[in-house]
Asker: 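One structure follows; several queries about it will come next.
Per chain, numbering begins at 1; letters A, B, ... match sequence-line order.
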Amino acid sequence: MSMVSLTVNSRPLRADVEPRTNLADFLRDSHDLTGTHLGCEHGVCGACTVIVDGEPVRSCITYAVACENAQVTTIEGLNDDEVAGELRAAFTREHGLQCGYCTPGMIVSARDVVLRMPDASEHEIRVAMSGNLCRCTGYVGIVRAIRSVIVERKARGAAPRADLRTALGPVGSGHAGAFAGGADKTADAPPARIASPVSRAATPRETAKLDADFVPQTSFPQSFVVAHPVDVVWDFFGRVDEVAACLPGASLVGTPTPEHVEGQIRVKVGPMVAEFQGVADISRDDARHAGRISGSGRDTRSNSATRGLIGYTLTPVEDGRATRVDVSIGYTLTGMLAQFGRSGLVQDIAGRLVSAFVQNLEARLGQGEGAPAAPVVTELNAGSLVYSVIVSRLKELWRKIAG
Amino acid sequence: MKPVRFDYERPVEIGAALALMQDEGRVVKIIAGGQSLGPMLNMRLVQPELLVDITAIPALKRIEDTGSDLIVGACVTHADFEDRRVPDVTAGALAGVARGIAYRAVRNRGTVGGSLTHADPSADWISILSAVGARVILRSASGVREVAVEDYMLGALAADLNPGELLEAVRIPKCSASARWGYFKSCRKTGEFAHAIGAVLVDPDRGVFRAVMGATETRPILVIDRAALFGASGFSTGAAEEVAQAAGMGDLLDRRTHAVALRRAFEQADAA
Ligand SMILES: Cc1cc2nc3c(=O)[nH]c(=O)nc-3n(C[C@H](O)[C@H](O)[C@H](O)COP(=O)(O)OP(=O)(O)OC[C@H]3O[C@@H](n4cnc5c(N)ncnc54)[C@H](O)[C@@H]3O)c2cc1C
Ligand code: FES
Ligand code: FES
């Protein structure tokens, strides 16, 4: 716990809170200032917008400790504020609210627009207010209310904002000195930490059922060339454990059969680490040199799940000396990770996985049978130095394929 | 949706922050504005043991004019650019782009250093700062190095930042009076991350031509050879599509969208 002091609605407030307490929870839970609402808790909806050092700020993604000694104004502190009073009247008149959930954030953002953009047109108001979502009104009344306040203030020559910010850096920062040791280690309850891999392996694995009619939400192709004949590559792809050993971060549970495999894959992307545990069914068509892998997995840490369908075909190239592997990757991602799993990002990550896989595959095949080489790339950590090597290799492959 | 418990430290000097980052016994994360890290913490996609808040370090909010460049501290915010608390050296390009990043409440806390290091390909700073030819200054206990902004992103959510390294500042070259810029962000909703970005800086007096196709799946595509994009009859969308394809953009619709975004950026630059 750490003692945090803020000036809220002109009153000094203190509370002993954890560093992870966001400003909204500090206001609501420690001080009953429940006018600040929480909607999405990731910065998108605007319901939690409050005023810090005179500027609107998302209180759901701003930690209270990070605003030590700052001036905070919530909707409760705007009772006697001139612009907020005009906005309240206008919202009432223009039907700018229905359930009221979005309204505290709306008023805070609208007040900023009125003071900062005294000539705003309807279009400019809409753009400036686009970070505040309302499920009820359809925005027409809200925009009209704000516009009417702007027009009325202009007509009577009301002064625009005088106290313009001069300080640089995140609003709320810079009011307090160093802070050391907000150590939660001393707290009574031990910090909630990630279960160690050991204890996790012991827990019974809950794996999503494979579903025969599964249609992936997103699909994309990947291709690469391996400098070995089709037969060699085809045989290798049949040895599930060796294939898994080439996938950075992948490990198997138990002994796989040619048709079924269980295991996990750990992927590190920027600051995120996901570890999917799952099962996959494999089918292979020897005549066509084509295979299909249908799998599903779950990352308990981020409470996300994925289902995937991977198809691959091998084609001889360079007079049979090399093999082109065409892979189609289809997947559906649900849960927290899906928030970040825009298809472009997933493709880039899959591209990196595949290129690391190819590198390891070539190293293995290069060693010949029976002498399993240590993988060249053991973890997909894009921040590492190996990455630049992978990038240039991938480019090289591209040139090979495209040219 | 609450983050895991973490410890928190707020140093006031870069040296102290670098020392905290050396802690090998704990998972240490830097936090600046928290506008990208905050959502990930709330969703528990990131579970640090120690957060080092770098926003109380005055050196990271500093602005320095070296004569040829403007050096802007990593913790300077999008709103600082928008409101021109950061002096304009790019014919208004940076202020103009800053205005379209996210929403005002996010811009009031989100920092340029955080945005570049978060390395979302769809983010705005990576594209426009590549177009103006900016560089990042990276500091670690063992010294300082500089990297061009377009090279700082290695791939989606991956920056060229070694363990124990901090982004200290961004070096922005000053444009001449002849400079023109254009920026087109294709997105369905204002304040959203872009699906495609075109960013252009043309500065004849300095002999600079820089065109960027941003918001790709990975790093931005930078073109400095005018001939690769312009034919006898002006900007060629077809040529831009070829450049995108050569850079690995596999999807036709993607290539078209990016080529058109770039064309619109050039149109804006021409109109200026
Ligand atoms: C609703 C919403 C909409 C958004 N829309 C857009 C948009 O349209 N365009 C856009 O570009 N961005 C958008 N963003 C992102 C926003 O711009 C973020 O502010 C920015 O990406 C991160 O800056 P930050 O200071 O908040 O960094 P933080 O969240 O504090 O940190 C981000 C990452 O960078 C690291 N880091 C931060 N500073 C440093 C440093 N100096 N040295 C080393 N590592 C560092 C952190 O460890 C973390 O991994 C949006 C954000 C939200 C919440
Ligand atoms: S709750 Fe903060 S923006 Fe939605
Ligand atoms: S009034 Fe109900 S969400 Fe806006």
Side-chain angles (χ1 to χ4, degrees), chain A residues 2 18-20 41-43 46 49 55-58 60-63 65-66 109 112 127-128 130-131 165-166 168-174 176-185 191-192 194 221 269-272 301-302 336-337 339-340 344-345 347-349 352 382-383 387-388 391 398, chain B residues 1-12 16 29 31-35 37-40 42-47 51 53 55-56 61 63 73 75-77 79-80 83 85 102-106 108-109 111 118-119 121-122 154-159 161 189-191 216-218 248 250:
Chain A
S2 9
E18 291 177 329
R20 64 170 170 168
E41 294 197 273
H42 61 274
T49 312
E55 311 287 340
V57 154
R58 300 291 205 231
C60 66
I61 47 174
T62 300
Y63 295 105
V65 267
S109 293
D112 173 58
V127 170
S130 62
R165 183 176 166 81
T166 49
L168 295 170
V171 160
S173 73
F179 181 99
D184 271 336
K185 298 226 165 93
I194 318 133
V269 188
M272 294 187 275
R301 239 172 109 183
S302 68
M336 290 300 186
L337 268 178
Q339 303 268 359
F340 284 86
L345 294 189
Q347 281 187 44
D348 185 46
I349 293 155
R352 286 187 235 156
Y387 186 64
S388 53
V391 169
W398 250 105
Chain B
M1 259 190 20
K2 304 293 171 196
V4 294
R5 290 202 177 115
F6 47 73
D7 298 341
Y8 172 85
E9 303 235 14
R10 187 176 52 228
V12 289
K29 280 304 294 178
I31 186 162
Q35 303 301 290
L37 194 57
M40 294 165 119
N42 283 359
M43 292 190 231
R44 298 201 175 185
L45 292 172
V46 180
Q47 307 190 350
L51 271 196
D53 183 346
T55 61
K61 300 179 183 176
I63 293 179
C75 285
V76 167
T77 65
D80 290 334
D83 297 349
R85 286 186 285 278
Y103 316 108
R104 180 71 181 181
V106 173
N108 278 328
R109 283 192 54 80
T111 67
H118 182 59
S122 302
L154 297 175
L157 304 188
L161 193 70
K189 174 180 180 291
T190 1
T216 67
E217 288 153 20
T218 173

Asker: Heavy-atom cut-off 4.5 Å, strictly under: side chain, backbone, both or neither for B:T111 against chain A?
Answerer: side chain
Asker: Chain B heavy atoms under 4.5 Å from A:T166: which part of the residue, side chain, backbone, both or neither?
Answerer: backbone
Asker: Can you find a heavy atom in the side chain of B:K2 that is under 4.5 Å from one in the side chain of A:E41?
Answerer: yes
Asker: Can you tell which part of A:A128 gets under 4.5 Å to a heavy atom of chain B, answering side chain, backbone, both or neither?
Answerer: neither
Asker: Please tell me if the side chains of A:P19 and B:F6 come closer than 4.5 Å, counting only heavy atoms from C-beta onward.
Answerer: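 When only atoms from C-beta onward are counted, B:F6 and A:P19 do touch, with a gap below 4.5 Å.
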Asker: Do you know which of A:D112, A:T49, A:T62, A:V127 has the most heavy-atom pairs with chain B at a distance under 4.5 angstrom?
Answerer: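 Max contact count across the listed options: A:T62.
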Asker: For the residue pair A:S2 and B:Y8, establish whether any side-chain heavy-atom pair is separated by less than 4.5 Å.
Answerer: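 SC-SC contact between A:S2 and B:Y8 ruled out.
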Asker: Between B:N42 and B:P39, is there a donor-acceptor pair closer than 3.5 Å when you use the side chain of the first and the backbone of the second?
Answerer: no
Asker: Against chain A, work out which of B:I63, B:V46, B:V106 has the most heavy-atom pairs shorter than 4.5 Å and name it.
Answerer: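 Option with the top pair count is B:V46.
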Asker: Heavy-atom pairs under 4.5 Å with chain A are the metric here; pick the option from B:R104, B:K61, B:Q35, B:K29 that has the most.
Answerer: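 The residue among B:R104, B:K61, B:Q35, B:K29 with the greatest pair count is B:R104.
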Asker: Which heavy atom of B:P11 sits nearest a heavy atom of B:D53, and at what distance?
Answerer: CD-O, 3.3 Å
Asker: For the candidates A:G174, A:A66, A:S109, which exhibits the highest count of non-hydrogen atom pairs separated by less than 4.5 Å from chain B?
Answerer: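 Looking at each of A:G174, A:A66, A:S109 in turn, A:A66 comes out on top.
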Asker: Are B:E9 and B:L51 packed together at the side-chain level, in the sense that at least one heavy-atom pair is separated by less than 4.5 angstrom?
Answerer: no
Asker: If you count heavy-atom pairs within less than 4.5 Å of chain B, which of A:G177, A:G43, A:P221, A:A176 leads?
Answerer: A:G177
Asker: Using a 4.5 angstrom heavy-atom cutoff, name the option from A:A178, A:S173, A:P170 with the most pairs to chain B.
Answerer: A:P170
Asker: Any side-chain heavy atom of A:H42 sitting closer than 4.5 Å to one from A:R58?
Answerer: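 Sidechains of A:R58 and A:H42: no contact.
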Asker: Do you know which of B:T55, B:D83, B:V76 has the most heavy-atom pairs with chain A at a distance under 4.5 angstrom?
Answerer: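 It is B:T55.
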Asker: With only heavy atoms counted, which part of B:N108 is less than 4.5 Å from chain A, the side chain, the backbone, both or neither?
Answerer: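 When you check distances to chain A, atoms from both the backbone and side chain of B:N108 fall under 4.5 Å.
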Asker: For the pair B:R10 (side chain) and A:V65 (backbone), establish whether a donor and an acceptor sit closer than 3.5 Å, ignoring hydrogens and angles.
Answerer: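 A pair under 3.5 Å: yes.
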